[in-house]
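Counting from 1, the numbers follow the sequence of the chain as shown.
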Amino acid sequence: LLALKRKSLVPEKVRDEVAYLISKSYFNEKEYAEALRFAKAVSKKSENFIGAKYVEAIATYANGDMKSAITLLENLRTYM
C-alpha cells in the first residue's frame, strides 16, 4: 500500500487495517515516529481506531511528549 499511486482504489476498511498493523509493527521496532504516522491514518470508522489511538498515545510518550500522551490517553477513555 505504501507505494500505491491510487490508494482510493483500495477500500477504506483495508487501508485502515493495514495502517493499524503497520503502526504496531513500527512501534514494536521502536520506530515511534513512523508508528505515529500510521496510527493517525486509521479512520474513526475503523474497528481498529481505539487500538490505533492507544499506539499513538504510547508512541507519543516514547518520543518524550508525556503531556500530549496523557491527553491522548484521557481522550481515549471516551471511547471505552
### Query
Under a single-linkage definition using a 4.5 Å side-chain heavy-atom cutoff for Ile, Leu, Val, Met, Phe, Trp and Tyr, are Tyr26 and Val18 assigned to the same hydrophobic cluster?
yes
#### Entry: Closest non-hydrogen atom pair, Ala19 against Ala41
CB-CB, 4.2 Å
### Task
Taking the six-membered ring for Trp and the single ring otherwise, decide whether the centroids of Tyr20 and Phe38 are under 6.0 Å apart.
no
### Message
With a 4.5 Å cut-off on side-chain heavy-atom distances among I, L, V, M, F, W and Y, is there a chain of contacts connecting Ile50 to Val55?
### Response
yes
### Query
By salt bridge (Lys or Arg N to Asp or Glu O under 4.0 Å), which residues pair with Lys45, not counting sequence neighbours?
Glu12
#### Entry: Straight-line distance of Ser43 OG to Arg15 CZ, nearest 0.5 Å
8.5 Å
### Task
Could you tell me the separation between the CG atom of Asn48 and the CG atom of Leu21, rounded to the nearest 0.5 Å?
7.0 Å
#### Entry: Partner set under salt bridge (Lys or Arg N to Asp or Glu O under 4.0 Å) for Glu34, not counting sequence neighbours
Arg37
### Query
Can you name the residues that form a side-chain hydrogen bond (donor to acceptor under 3.5 Å, both in side chains) with Glu47, not counting sequence neighbours?
none
### Task
Could you tell me which non-hydrogen atom of Ala57 sits nearest to which non-hydrogen atom of Ala69, and how far apart they are?
O-CB, 3.4 Å
### Message
Holding to side-chain contact (heavy atoms from CB on, under 4.5 Å), I want the full list of residues that pass it with Lys30, two or more places apart in sequence or in another chain.
### Response
Tyr32
### Interatomic distance, Ser23 atom OG to Ile58 atom CD1 [nearest 0.5 angstrom]
12.5 Å
### Message
Considering only residues two or more places apart or on different chains, which pairs with a residue in residues 52-65 satisfy side chain to side chain donor-acceptor pair (under 3.5 Å)?
### Response
Lys53-Glu56, Asp65-Ser68
Sequence neighbours left out, cut at 3.5 Å: what donor-acceptor pairs do the side chains of residues 73-80 make with other protein atoms?
| unit_1 | atom_1 | unit_2 | atom_2 | d |
| --- | --- | --- | --- | --- |
| Asn75 | ND2 | Thr71 | O | 3.3 |
| Thr78 | OG1 | Asn75 | O | 2.7 |

